[in-house]
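See structure below.
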Amino acid sequence: MKSSVVTSSSVQLMDVPLIKKSATKSKVNNETQIVWRNVIAFIYLHVAVAYAIYLAFTKAKVQTVIFSFILSNVSGLGITAGAHRLWAHKAYKARWPLRLFLACLQTIAFQNHIYEWVRDHRAHHKFSETDADPHNAKRGFFFSHIGWLMVRKHRDVIEKGASVDMSDLKKDPIVMFQKKYYFLIMPMISFVIPTLIPMALWNESLSVSWHIASILRYTYSLHCTWLVNSAAHIFGNKPYDRHIGPTENKLVAILAVGEGWHNYHHVFPWDYKAAELGNYRTNISTALIDLAYKCGLAYDLKTVPSHLIEARVSRTGDGTHPSEMKKLEHQEDHHHLNPIWGWDDKDMTEEHKKLAKIIE
Ligand code: ST9
Ligand code: ZN
Ligand code: ZN
């Protein structure tokens, strides 16, 4: 693959007017205001998921379970390769058939329309882990995972978010079309059609199909996505920048089809791989973009040259990057072959001098 390398330095469960009115309220009153309609919707989803799991083990046809798992991951690609890497970060460009395809998948995933998703996500990067970050991980695991969707936004999100450039999205007719007709198209392709497919193709019952292919499939993909905002901002190492919250988290990368390499991603958000190594096993979103590149549907793929990564790793990394580990191993070998008599021996490494604890 020939990628061009850039070497530069709710469940929208509420009606819109109601949200707008209260959003204005949240600008003047900064106390946390619970949005009960969303709380109730999320409670319904999780109770229905428990029933769906029971159905999966007792009544469901195996095809329904496989279909739901595949649909959840495929729709996830509309989030990762589409809303995230293409539209939010402009990490590559896509011709209109690919943009249309990704917009359809993103609609199936039902995580708000692309415009709103991108606006929140750009604010998340630009004002990361402050009050202007919609899912500020400093407010804890629950808030950054699901809680942020149950309360009105902090006024800083709205005020500082207004400074984020969205002009590119306004110029994309596919994005604007999806925004305009979202509440017509989304219920149809995210819930009605996925429920009908198992019923029509292998005679599944309405109840099993609704609970597994719609509710379980949707809730599973939401949690896999939300783990990027919660777990991958809390658990894991920081080989690229130890001063920021986001981490490298392999489990999240697997569940979120390639988006758990979050320390790297916050340092280089314009890399289309959203990871350094682009290993397809833990990054199938990259595989899709590479395939689209081969078919001529994706172009201008941006990625970070290794010397830039290495410079950043040694400047701000936490020492867990493989190259740093190698350096350390090398020093230990050196130490083995060249025993030293003590402090100030000419063979004593600078690294050990730096790392030594000196009680003054
Ligand atoms: C969901 C999104 O789940 C998940 C995003 C995750 C991102 C993760 C990224 C990492 C990688 C992805 C991995 C994928 C893996 C896939 C794996 C698959 C197996 N800037 O929002 P409103 C203004 S969605 C600037 O209503 P409230 C604006 O004027 C789940 N301005 O605020 C706006 O009006 P308008 C389903 C902003 O009233 C006005 O404020 N969806 C910004 O406080 C009001 O905005 C839901 O559950 C900004 N950032 O309400 C919907 N934001 O829009 C839930 C707002 O007209 N949402 N403004 O321009 C809601 O109900 C509400 O948004 C609320 C806040 C209650 C949360
Ligand atoms: Zn993040
Ligand atoms: Zn991002």
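For the numbers below, each heavy atom of this structure counts, side chains included, while hydrogens, waters and symmetry mates do not. Whatever order the structure lists them in is the order used to number ligands and atoms, beginning at 1. Residues: numbered from 1 along the sequence shown.
- Taking backbone and side chain together, H84 holds an N, O or S atom under 2.8 Å from the Zn ion (ligand 3).
- Heavy atoms of Y115 come nearer than 4.0 angstrom to ligand 1 in no pair at all.
- Those atoms of ligand 1 with a heavy atom of V228 less than 4.0 angstrom away are 10 (C).
- Contact analysis leaves P134 out of contact with ligand 1, as no non-hydrogen atom separation drops below 4.0 angstrom.
- In terms of N/O distances under 3.5 Å, ligand 1 is approached by N112.
- At least one N or O atom of K153 sits closer than 3.5 Å to an N or O atom of ligand 1.
- Residue contacts with ligand 1, taken as heavy atom pairs separated by less than 4.0 Å, involve A162 solely via the backbone atoms N, CA, C and O.
- Distances from ligand 1 to the non-hydrogen atoms of V164 include no value under 4.0 Å.
- Within the structure, ligand 1 has V151 among the residues with a heavy atom less than 4.0 angstrom away.
- One finds no salt bridge joining E116 and K179 here, because no Lys/Arg side-chain nitrogen approaches an Asp/Glu carboxylate oxygen to under 4.0 Å.
- Among the heteroatoms counted here (N, O or S) of H266, NE2 is the one nearest to the Zn ion (ligand 2).
- Shown are L277, V257, I254; of these, the side chain to side chain contact (heavy atoms under 4.5 Å, CB included) with T282 is made only by I254.
- Annotation for ligand 1: atoms under 4.0 Å from non-hydrogen atoms of L255 are 17 (C), 19 (C).
- Looking at R152 next to ligand 1, an N or O pair under 3.5 Å apart turns up.
- Using a cutoff of 4.0 Å between basic side-chain nitrogens and carboxylate oxygens, R242 and D318 are not scored as salt-bridged.
- Of all atoms in ligand 1, numbered sequentially from 1 with element shown, those under 4.0 Å from a heavy atom of F42 are 47 (O).
- Residue G76 has at least one heavy-atom neighbour below 4.0 Å for each of these atoms of ligand 1: 16 (C), 18 (C).
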